[in-house]
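The next block holds one structure in the form of structure tokens; read it before the comments.
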Amino acid sequence: MTDAGRRSEVAAALREVHGRIEAACAAAGRGADEVTLVAVTKTYPASDVVLLAGLGVTDVGENRDQEAGPKAAEVQAAGASPRWHFIGQLQRNKARSVVRYADVVESVDSVRLAEALARAAEGRSAPLEILVQVSVDGDASRGGVTGDDLWRVSDSVAAADTLQLGGVMAVAPVDWDPDRAFELVRGLSQRLVAAHPGATTISAGMSGDLEAAVRHGATHVRIGTSLLGMRNTLR
Ligand SMILES: *Cc1c(COP(=O)(O)O)cnc(C)c1O
């Protein structure tokens with residue numbers, strides 16, 4: 001496909017996604033400016049990130065360090081500077097690499113990872129924003145804290161000078177009603193905000209369930225497929 005062809009294809013998809021977000025906000029009695037679109041660009045090239053930035057997308061999400069690091073460098077070299085959200089499972093030995101390009105790490109689910117990121121973020125000009133990933137169904141193998149670990153991890157993030165606690169992130173389990181999943185996430189968010197008033201972010205909702213997420217207070221939706229197309233790999 002030509003560059004112009006890809007551009008018009010992505011621009012049309014972006015209009016459609018913005019339309020869905022606006023409609024969902026209107027239905028929920030919320031302003032469309034209360035929800036930030038994070039364009040998930042995993043498996044797609046740096047040229048697509050540059051294109052999205054040119055179309056006004058401010059935030060992009062990636063889930064693998066070995067892909068995101070070089071892509072972020074390429075995007076920067078092309079003159080674009082979106083905010084990078086790291087949204088995938090992260091090993092502690094990748095913390096140093098991720099803090100070089102990420103503005104937000106959405107997938108923090110252990111005190112040990114929070115501590116590794118806090119150390120790695122020393123020397124940054126601005127604190128690294130952290131979202132604590134919560135597990136909706138209690139199956140921690142797919143990432144996310146369960147039970148009281150939400151409080152342990154969020155307290156550890158809040159105590160670190162180099163980190164800023166932004167809020168929570170969640171993925172609705174495939175076998176759950178998304179409304180039920182996001183209602184639960186909102187309840188956890190409300191309890192978190194009671195303890196940490198600044199931690200108001202709720203990153204929830206993907207291509208298939210953004211409407212339910214917006215209905216239940218999502219401040220950020222992470223959209224890949226509906227913007228850029230089906231990925232060849234399942235991730
Ligand atoms: C891939 C991914 C998304 C985007 O999913 P789509 O269904 O393609 O919109 C959102 N969040 C996370 C954590 C992801 O890994």
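Because the structure is a prediction, the values reported are computed rather than measured. Order of appearance sets the numbers: ligands from 1, and atoms from 1 within every ligand.
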Review point. For ligand 1, is there an N or O atom under 3.5 Å from any N or O atom of Ser226?
Key: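 N/O-N/O distance below 3.5 Å does not exist for this pair.
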Practice item. Return a yes/no value for Gly224: is any of its N or O atoms, backbone included, closer than 3.5 angstrom to an N or O of ligand 1? Key: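 Yes, since at least one N or O of Gly224 sits under 3.5 Å from an N or O of ligand 1.
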Ligand 1 atoms in contact with [X] (distance to a heavy atom under 4.0 Å):
| X | result |
| --- | --- |
| Thr225 | 6 (P), 7 (O), 8 (O), 9 (O) |
| Lys42 | 1 (C), 2 (C), 3 (C), 14 (C), 15 (O) |
| Ile87 | 11 (N), 12 (C), 13 (C), 14 (C) |
| Ile223 | 9 (O) |

Review point. In terms of side-chain geometry, is the basic nitrogen of Arg6 or Asp3 positioned less than 4.0 Å from the acidic oxygen of its partner?
Key: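 So Arg6 does not pair with Asp3 through a salt bridge.
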Check your understanding: Looking at side-chain heavy atoms only, is the closest gap between Thr162 and Leu128 below 4.5 Å?
Key ->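 Result no, sub-4.5 Å side-chain heavy-atom pair not found.
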Point to revise | Residue part near ligand 1, for Arg231, under 4.0 Å between non-hydrogen atoms | key: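 Under 4.0 Å from ligand 1, Arg231 contributes side-chain atoms alone.
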Check your understanding: What is the ring orientation for Trp84 with Tyr101, classed by angle as parallel under 30°, tilted 30 to 60°, or perpendicular over 60°?
Key ->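 Perpendicular: the ring planes of Trp84 and Tyr101 meet at over 60°.
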Review point. Listed by chain and number, what are the salt bridge (Lys or Arg N to Asp or Glu O under 4.0 Å) partners of Arg83, not counting sequence neighbours?
Key: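 Asp59, Glu129.
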**Study point:** Donor-acceptor contact below 3.5 Å, side chain Arg124 vs main chain Val99
**Key:**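 Yes, the answer is positive, given that a donor and an acceptor are paired below the 3.5 Å cut-off.
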Practice item. Apply the side chain to side chain donor-acceptor pair (under 3.5 Å) test between His85 and each candidate in Arg222, Glu106, His220, Glu62; give the one that qualifies. Key: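 Among Arg222, Glu106, His220, Glu62, the one that satisfies the side chain to side chain donor-acceptor pair (under 3.5 Å) with His85 is Glu106.
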